[in-house]
Visitor: 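Okay, handing you the structure first.
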Amino acid sequence: MAADSAKIIDGKAFAGRLTAAVAVQVAALVAGPDVRPGLAVVLVGDNPASAVYVRNKGRQTLAAGMASFEHKLPAHTSEAALLALIDQLNGDDAVDGILVQLPLPEQIDAQAVINAIDPAKDVDGFHVVNAGKLATGGDALVPCTPLGCVMLLKDCLGDLAGRKAVIVGRSNIVGKPLAQLLLAENCTVTLAHSRTRDLAGECRRADILVAAVGRPEMVRGDWIKPGAAVIDVGINRVDAPDKGPGATRLVGDVAFGEAAPVAGAITPVPGGVGPMTIACLLRNTVTAACRRRGLPVPDAAL
Ligand code: NDP
């Protein structure tokens with residue numbers, strides 16, 4: 001591949017199209033069966049990054065024509081109090097999706113809270129029932145970030161069958177569900193992690209390389225097979241002294257400047273996977289609203 005030839009995968013533009021398509025689907029649900037999908041977002045504590053995410057989710061939910069319910073609880077909230085709120089939201093018919101913003105304060109067992117959500121309203125797709133359905137080919141609600149990665153890959157590459165995919169990172173929210181989704185697309189999947197031997201060599205064999213690690217610019221240019229599609233899930237804030245004292249910038253898990261001349265296609269950070277996550281959350285809320293009422297789920301094809 002010649003220098004500087006990578007196609008830049010514009011996740012922001014794709015997410016904009018997906019969000020617009022969701023808004024059309026919502027309008028049809030309101031006009032037809034008189035269903036307005038509703039998303040409840042629960043924020044515990046005052047983590048500033050989480051507060052920004054929750055605000056963005058609420059704004060985009062309303063912009064898509066859905067109902068938005070925000071629940072802000074103090075940092076000292078007990079697990080029992082949070083479980084009581086989840087119980088109330090499970091029973092509220094106006095609520096189709098429930099999202100508990102992570103991380104939670106340390107006195108709360110996050111997995112216990114996630115597993116208390118009605119799986120039919122688990123729009124984050126983290127409930128053990130949805131993880132199991134995804135692994136066994138059922139009608140899961142699929143975690144938003146991996147869903148966004150697969151949408152971008154299919155848009156860029158078309159059929160993914162037979163391609164070798166290497167995912168670096170095996171978390172429950174990104175790496176593992178993405179491995180299931182790419183297997184379902186008939187990729188040959190390798191799931192790499194901190195104990196993987198010869199990580200660079202594994203990455204160099206990938207037609208599709210996904211980095212979901214949380215280590216700034218860990219994946220170097222010479223880890224990439226020429227022409228590979230590179231999806232950078234990482235969001236890392238690093239010091240940027242060139243921008244002034246105390247300034248910071250966002251970088252991914254891939255050294256973009258080195259990778260772009262080698263890759264065939266690559267997502268930037270910001271503007272790649274990040275915007276897809278909220279768009280897929282809106283999409284999942286429509287899916288949940290339809291499935292709960294036995295209505296056909298509108299097509300996500302764009
Ligand atoms: P986790 O910390 O849960 O998982 C990180 C994974 O990376 C682990 O599997 C870990 O391996 C692996 N890892 C850590 N160090 C190395 C190493 N040196 N070599 C190989 N593998 C390593 O992270 P998340 O999955 O939650 O998030 C990953 C990144 O994606 C973060 O930057 C996060 O901010 C970002 N993110 C972005 C989202 C978006 O909307 N774009 C959404 C979610 C996350 P092991 O299991 O062996 O410890």
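Order of listing sets the numbers, starting from 1, for every ligand and every atom in it. Just so you know, residue 1 is the first one in the sequence shown, and it goes up from there. The figures here come from the full heavy-atom set of this structure, side chains too, leaving out hydrogens, waters and symmetry mates.
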Visitor: Can you tell me which portion of V174 lies within the under-4.0 Å heavy-atom range of ligand 1? Options are side chain, backbone, both, or neither.
Guide: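 The answer is the side chain.
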Visitor: Is it the side chain, the backbone, both or neither of M276 that has a heavy atom closer than 4.0 Å to ligand 1?
Guide: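 No part of M276 comes within reach of ligand 1.
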Visitor: Determine whether L39 and V41 make a side-chain contact, defined as any pair of heavy atoms from C-beta on separated by less than 4.5 Å.
Guide: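 Sidechains of V41 and L39: in contact.
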Visitor: Give the residue, atom name and distance (to 0.1 Å) of the protein heavy atom nearest atom 42 (C) of ligand 1.
Guide: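 Among all protein heavy atoms, the one nearest atom 42 (C) of ligand 1 is T145 OG1, 3.3 Å.
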Visitor: Please list the nearest protein heavy atom to atom 6 (C) of ligand 1 with its residue and the distance rounded to 0.1 Å.
Guide: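 Minimum-distance protein heavy atom for atom 6 (C) of ligand 1 reads G169 CA, 3.6 Å.
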Visitor: Give the residue and atom name of whichever protein heavy atom lies nearest to atom 48 (O) of ligand 1, and the separation in Å to one decimal.
Guide: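 Closest protein heavy atom to atom 48 (O) of ligand 1: S194 OG, 3.6 Å.
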Visitor: Starting from atom 15 (N) of ligand 1, which protein heavy atom do you reach first, and at what distance in Å?
Guide: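 Closest protein heavy atom to atom 15 (N) of ligand 1: R215 NE, 2.9 Å.
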Visitor: Nearest protein heavy atom to atom 3 (O) of ligand 1, by residue and atom, and its distance?
Guide: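 Ranking protein heavy atoms by distance from atom 3 (O) of ligand 1, first comes S171 CB, 3.4 Å.
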Visitor: Can you find a protein heavy atom closer to atom 45 (P) of ligand 1 than 4.0 Å?
Guide: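 Given the 4.0 Å limit, the answer for atom 45 (P) of ligand 1 is yes, a protein heavy atom qualifies.
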Visitor: Does ligand 1 have a heavy atom under 4.0 Å from the side chain of T277, from its backbone, from both, or from neither?
Guide: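 Contact part for T277 vs ligand 1: side chain (C-beta onward).
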Visitor: Could you check atom 17 (C) of ligand 1 against the protein and tell me its nearest heavy-atom contact, residue, atom and distance included?
Guide: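 Looking only at protein heavy atoms, the one closest to atom 17 (C) of ligand 1 is M218 SD, 3.8 Å.
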Visitor: Please confirm whether G175 approaches ligand 1 to less than 4.0 Å, judged on its heavy atoms.
Guide: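 G175 does not count as a contact of ligand 1 under the 4.0 Å cut-off.
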Visitor: Have a look at V254 and tell me which of D232, V168, L209, V210 forms a side-chain contact (heavy atoms from CB on, under 4.5 Å) with it.
Guide: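 So the option named by the test is D232.
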Visitor: Which ligand 1 atoms, with their elements, are less than 4.0 angstrom from a heavy-atom of I173?
Guide: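 Going through ligand 1 atom by atom, the ones under 4.0 Å from I173 are 26 (O).
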Visitor: Would you say D253 and ligand 1 have an N/O pair spaced under 3.5 Å apart?
Guide: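 No, no N or O pair falls under 3.5 Å.
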Visitor: Report the nearest protein non-hydrogen atom to atom 14 (C) of ligand 1: residue, atom name, distance rounded to 0.1 Å.
Guide: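 The protein heavy atom lying closest is V213 CG1, 3.5 Å.
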Visitor: What I want to know is whether R170 and ligand 1 share at least one N or O pair that is separated by under 3.5 angstrom.
Guide: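 Yes, at least one N or O pair falls under 3.5 Å.
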Visitor: Taking heavy atoms and a distance under 4.0 Å, where does V233 meet ligand 1: side chain, backbone, both or neither?
Guide: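 It is both backbone and side chain that touch ligand 1.
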Visitor: Is it the case that the side chains of K176 and S171 hold a donor-acceptor pair, with the cut-off being a distance below 3.5 Å and no angle test?
Guide: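 Per modelled atom types, S171 and K176 side chains form no pair under 3.5 Å.
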Visitor: Specify side chain, backbone, both or neither for T196, according to which of its non-hydrogen atoms lie closer than 4.0 Å to ligand 1.
Guide: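 Neither part.
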Visitor: Quick check on contacts: which atoms of ligand 1 are under 4.0 angstrom from a heavy atom of L199?
Guide: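 Near L199, the atoms of ligand 1 are 19 (N), 20 (C).
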Visitor: Looking only at atom types and distance, does a side-chain atom of K121 sit under 3.5 Å from a main-chain N or O of L89, one as donor and one as acceptor?
Guide: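 Here the side-chain-to-backbone pair exists.
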Visitor: In terms of side-chain geometry, is the basic nitrogen of K154 or E185 positioned less than 4.0 Å from the acidic oxygen of its partner?
Guide: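 Salt bridge flag = yes for E185 with K154.
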Visitor: Would you say K12 has more than 12 foreign heavy atoms packed within less than 6.0 Å of its NZ?
Guide: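 Not buried by this count: 12 neighbours or fewer within 6.0 Å.
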Visitor: Could you go step by step and tell me if K225 and V166 meet the side-chain contact (heavy atoms from CB on, under 4.5 Å) rule?
Guide: CA-CA 11 Å; K225 179 176 169 178; V166 174; over 6 Å; no
Visitor: Salt bridge or not for R292 and D93, using N-O below 4.0 Å?
Guide: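 Salt bridge: yes.
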Visitor: I want to check something: taking the side chain as every heavy atom from C-beta on, are F126 and V100 in contact at a cut-off of under 4.5 Å?
Guide: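 No - every pair of side-chain heavy atoms lies 4.5 Å or more apart.
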Visitor: Return the option from G272, G214, P275 holding the heavy atom at the smallest distance from atom 29 (C) of ligand 1.
Guide: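 Nearest option to atom 29 (C) of ligand 1, by heavy atoms: G214.
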Visitor: Is any side-chain N of the basic residue among E202 and R204 closer than 4.0 Å to the acidic one's carboxylate O?
Guide: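 Salt bridge between E202 and R204, a charged N being under 4.0 Å from a carboxylate O: no.
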Visitor: Given side chains that start at C-beta, do those of L250 and N236 come closer than 4.5 Å, heavy atoms only?
Guide: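 SC-SC contact between L250 and N236 ruled out.
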Visitor: Is it the case that the side chain of D207 and the backbone of K164 share a donor-acceptor pair, with hydrogens and angles ignored and the cut-off at 3.5 Å?
Guide: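 Yes: the side chain of D207 pairs with the backbone of K164.
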Visitor: What residue and atom, counting heavy atoms only, is the protein's closest point to atom 33 (C) of ligand 1, and at what distance?
Guide: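 For this ligand atom, the closest protein heavy atom is I235 N, 4.2 Å.
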Visitor: One thing to verify: whether D96 and R293 come together as a salt bridge, which I'm taking to mean a side-chain N less than 4.0 angstrom from a carboxylate O.
Guide: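 Between D96 and R293 there is a salt bridge, with a charged N closer than 4.0 Å to a carboxylate O.
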Visitor: For V273, counting its heavy atoms only, list the atoms of ligand 1 lying under 4.0 Å from any of them.
Guide: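 Taking each heavy atom of V273 in turn, ligand 1 has 41 (N) under 4.0 Å.
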Visitor: Heavy-atom contacts with N236 under 4.0 Å: which atoms of ligand 1 show up? List them by number with element.
Guide: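 Result: 32 (O).
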